[in-house]
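Step one of this worksheet: look at the structure below.
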2 protein chains.
Amino acid sequence: MSPTPRRVSTSTAVLPADGRRQNLSLVLQTLRRLGPTSRAQLAREVGVTKVTMSDLVAELIGEGRVRDVGTAEQAGPGKPATLVDLDRSGLLTLAVDLSVPARLQAAVVDVTGAVLHREERAAAVDADEGRGLDPAVVVELVRSVLAVAPHPVLGIGIGTPGLVDPEGTVRTAPNLGWTDVALRALVAEATGLPVLVTNDSDAATQAELSATPGSQDLVLVQVGRGVGCGVVSGGRLVRGAHHAAGEIGHVTVGTDGGETCSCGRRGCLETWLSVPRLRAAADAGEDPASTESVVEVGGHRLAVALAPLVAALDLSEVVLAGPAALLEPVVPVVARSLADRLLPSLDTPLTVRLATSPEDIVLRGAAALVLWDRLGVV
Amino acid sequence: MSPTPRRVSTSTAVLPADGRRQNLSLVLQTLRRLGPTSRAQLAREVGVTKVTMSDLVAELIGEGRVRDVGTAEQAGPGKPATLVDLDRSGLLTLAVDLSVPARLQAAVVDVTGAVLHREERAAAVDADEGRGLDPAVVVELVRSVLAVAPHPVLGIGIGTPGLVDPEGTVRTAPNLGWTDVALRALVAEATGLPVLVTNDSDAATQAELSATPGSQDLVLVQVGRGVGCGVVSGGRLVRGAHHAAGEIGHVTVGTDGGETCSCGRRGCLETWLSVPRLRAAADAGEDPASTESVVEVGGHRLAVALAPLVAALDLSEVVLAGPAALLEPVVPVVARSLADRLLPSLDTPLTVRLATSPEDIVLRGAAALVLWDRLGVV
DNA sequence: GATCATTAGTTAGTACCCTTTACTAACCAA
DNA sequence: TTGGTTAGTAAAGGGTACTAACTAATGATC
């Protein structure tokens with residue numbers, strides 16, 4: 001009766017060529033999802049005719065993005081299918097993780113998220129003494145990895161702490177001692193490649209999103225020296241009015257005071273929960289089950305902060321990322337406190353869990369963002 | 001260096017006809033934004049050639065959506081423009097507001113949001129006695145207004161309390177005593193028109209969004225018997241994993257207890273802030289400036305709940321909707337408490353304000369949703 | 001073993017959408 | 001009057017995806 005028309009949100013006109021590119025991206029996404037597939041099957045999945053799909057596939061084969069992988073084993077009557085698949089060796093990206101200054105990383109990542117080659121640098125950053133990270137170190141690291149990359153890479157993705165504007169300029173990054181560093185422009189000029197710069201929490205969230213494609217509404221909380229998060233609503237990563245979405249580390253939590261924070265106020269989320277705090281408690285052999293323990297208090301306060309977010313956005317998942325051993329005992333605390341503070345959901349209940357694979361989560365997310373930007377592949 | 005390609009998020013193929021429809025919608029949106037405009041100007045705004053724009057406009061004129069409104073006064077050299085504009089009289093919708101059972105409303109609304117004709121019904125609902133609202137009342141009300149509508153209407157938009165699924169079935173609406181009422185199907189069958197059913201807070205948020213098109217990231221908090229909200233992130237209304245986004249009334253606020261709520265738990269947002277509570281305090285002549293006043297406490301608790309949301313989504317506006325006289329003193333309290341609990345923004349600070357025009361906000365929002373669904377006009 | 005049904009993929013022709021190019025119409029200014 | 005500028009239309013062309021009809025290859029059935 002009211003068939004909601006397929007309509008997109010653009011501010012500019014859609015030309016036939018735009019539709020074509022969209023459909024090409026859709027083919028790549030479908031191949032990534034299904035693996036080797038026949039043209040006929042692809043046509044059914046994407047919703048075009050076999051004729052059009054043959055044409056689309058031919059174009060992608062011509063670009064080297066897709067290749068023929070032989071015929072399928074027979075299953076039922078009819079001509080056996082000739083399968084095509086992503087040319088996975090040709091979809092490499094260079095990913096950079098600046099989230100830990102003492103361990104700057106760059107790596108060649110393939111389309112599955114596997115790290116093929118990695119290099120690291122240690123940078124000594126002391127923001128208090130005005131000694132920030134020299135961007136030239138990043139450029140050198142990128143050049144070094146690029147020199148040994150097996151194929152030309154599709155682009156460069158960089159996950160960095162701090163606030164990043166859409167132009168790829170790092171507006172402020174206290175952890176790196178940066179203010180208004182035009183990182184994208186710098187690396188792009190040095191390499192001549194497309195460069196994407198993103199906040200590290202956003203990159204991690206993108207990695208999680210790629211790993212669990214079913215999730216459309218989740219928050220990923222990254223616990224490190226501080227606390228940041230990435231929010232996915234309706235399958236889209238939230239950017240925010242000032243590109244500062246996810247900055248929850250200095251939100252006051254609770255209505256009963258708290259410790260004084262480095263920002264000068266009291267009761268910030270970071271004063272309740274952080275890796276240094278959890279590690280100190282673990283090293284001291286504190287009992288995590290005790291009601292007053294760091295794990296108990298930190299998980300509870302995180303839930304207090306997340307509850308309004310979960311309710312207002314109707315999220316289905318809360319994901320914790322960071323040192324797995326330290327965070328694992330926090331998960332049930334958060335789950336319990338959230339359940340205490342929210343109306344139970346009618347359908348599937350809220351899931352609270354650790355990130356599926358915390359290793360290299362920023363690197364993989366940065367790579368995924370490049371793939372998405374260049375190919376429309378998630 | 002990295003020109004992010006125009007790409008849309010669909011799961012199905014984009015055909016040229018889809019692009020055409022998108023472009024037609026874009027013309028209507030642009031006309032709504034600019035008012036009477038020449039074809040040449042439209043072509044520049046939308047990003048197609050004059051030729052294509054003439055064709056698009058001709059099609060819209062043929063459909064009766066757009067009409068010629070004479071030539072412009074001369075301004076500079078060249079042939080004077082022949083202006084076209086939305087045929088505003090032909091873009092009527094029927095909007096229904098079920099948010100207050102004692103005052104069910106239906107109205108004919110034009111494209112500017114003006115209410116042309118209105119009817120009301122009073123329904124006595126007592127959920128505790130199992131006496132819910134008879135959906136036939138809604139159907140009768142719609143029929144009655146439809147009978148006197150000056151033109152055929154584009155569609156019917158209904159704002160209702162409760163949880164609404166994408167099929168237009170009201171899953172649960174305690175205020176109406178409803179469970180699984182297939183409202184869309186009922187009204188559509190009775191009228192033969194396209195029907196859209198939405199949560200009332202979402203409709204209100206849509207109305208606010210239409211009124212202030214610049215805002216892309218905001219939360220609208222509707223305070224009534226309970227508290228609900230609508231969240232807009234990146235210009236899109238958030239739906240949530242279970243179509244239950246915005247249900248913040250029963251989130252526990254604070255870490256220091258609170259009154260017992262109708263839901264059985266303690267410290268829910270609704271126990272701190274609601275219209276009955278504010279009205280009782282106002283009637284009792286309580287001093288709103290007192291630290292312990294209902295206004296002070298309610299505003300503070302709302303800020304406690306909103307702070308993590310504002311930070312995580314990097315919202316730029318918090319809008320309060322409801323009885324203006326009661327809410328007006330709450331605004332500065334919320335603003336102050338939010339500022340206390342958040343890091344100050346680098347750029348434009350957070351705005352806290354009342355809804356631009358609280359009258360008929362649900363009706364206008366429901367109408368806006370119909371326009372959006374049918375025409376792609378915001 | 002021949003025929004039929006079924007499925008994969010291609011070829012040929014068609015319809016639609018937007019563009020480029022070229023034109024007319026209408027106005028101002030010198 | 002002539003030149004310049006802008007609005008709008010006409011005709012032709014290229015890109016995109018469609019339908020219809022075909023070939024190819026296989027299993028099932030008689």
Side-chain angles (χ1 to χ4, degrees), chain A residues 6-8 10 12-27 30 34 36-63 66-85, chain B residues 6-8 10 12-27 30-31 34 36-62 66-85:
Chain A
R6 215 185 299 166
R7 195 172 284 126
V8 286
T10 358
T12 47
V14 176
L15 310 186
D18 297 320
R20 174 78 168 192
R21 188 167 49 220
Q22 163 74 9
N23 292 344
L24 288 167
S25 292
L26 219 45
V27 174
T30 309
L34 301 181
T37 313
S38 73
R39 289 168 176 79
Q41 179 65 21
L42 282 172
R44 285 188 291 266
E45 291 280 340
V46 171
V48 296
T49 60
K50 290 185 296 176
V51 182
T52 303
M53 185 50 67
S54 282
D55 193 47
L56 291 170
V57 168
E59 181 166 342
L60 290 170
I61 288 177
E63 288 174 351
V66 162
R67 62 199 176 86
D68 228 296
V69 294
T71 61
E73 272 117 58
Q74 197 52 31
K79 171 180 170 178
T82 61
L83 303 177
V84 295
D85 194 12
Chain B
R6 216 184 301 166
R7 195 172 283 125
V8 287
T10 354
T12 45
V14 176
L15 310 186
D18 297 320
R20 174 77 169 191
R21 190 166 48 220
Q22 162 76 7
N23 292 345
L24 288 167
S25 291
L26 219 46
V27 174
T30 308
L31 282 175
L34 301 181
T37 313
S38 72
R39 290 168 176 81
Q41 178 65 19
L42 283 172
R44 286 188 291 265
E45 291 281 338
V46 171
V48 296
T49 60
K50 289 186 296 175
V51 181
T52 303
M53 185 51 67
S54 282
D55 193 46
L56 292 169
V57 168
E59 182 166 342
L60 290 170
I61 288 177
V66 161
R67 63 198 176 87
D68 228 294
V69 293
T71 60
E73 273 115 59
Q74 197 52 32
K79 172 178 171 177
T82 63
L83 303 177
V84 294
D85 194 10

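Numbers restart at 1 for each chain; the letters A, B, ... are given by sequence-line order, proteins then strands.
- Formation of a donor-acceptor pair under 3.5 Å by the B:Asn23 side chain with backbone atoms of B:Arg20 is not found in this model.
- Proximity note for B:Lys79 (side chain, C-beta onward) versus C:dT19, C:dA25, D:dA24: the nearest is C:dA25.
- For A:Val51, counting side-chain heavy atoms from C-beta on, the closest listed nucleotide (D:dA25, D:dT5, C:dT11) is C:dT11.
- The distance between atom CG of B:Leu56 and atom P of D:dG8, rounded to the nearest whole Å, is 14 Å.
- Proximity of B:Thr52 to the phosphate of C:dC17: no side-chain N or O atom is located under 4.0 Å from OP1 or OP2.
- Screening B:Val57, B:Val48, B:Leu56, B:Leu26 for a side chain to side chain contact (heavy atoms under 4.5 Å, CB included) with B:Leu42, the sole residue that qualifies is B:Val57.
- Dashed line: the shortest gap from a side-chain N or O of B:Thr82 to OP1 or OP2 of D:dA7 is not under 4.0 Å.
- Checking D:dT5, D:dC18, C:dA26 against the side-chain heavy atoms of B:Leu15 singles out D:dC18 as nearest.
- In this structure, B:Asn23 reaches the sugar-phosphate backbone alone: every heavy-atom distance under 4.0 Å involves primed, P, OP1 or OP2 atoms, never a base.
- A:Leu83 has its CG atom 17 Å from the P atom of C:dT7, to the nearest Å.
- In this model, the phosphate group of C:dT7 is not approached by any side-chain N or O of A:Arg39 to a distance below 4.0 Å at OP1 or OP2.
- Along DNA chain D, the nucleotide closest to A:Gly47 and the one closest to B:Ser38 are compared, and the more 5′ of them pairs with B:Ser38.
- Ranked by how close their nearest DNA chain C nucleotide is to the 5' end, B:Glu59 and B:Lys50 are led by B:Glu59.
- Here D:dA17 presents its P atom at 17 Å from CZ of B:Arg20, a figure rounded to the nearest Å.
- Listed pair B:Thr49 / C:dC18 fails the phosphate criterion, with no side-chain N or O lying under 4.0 Å from OP1 or OP2.
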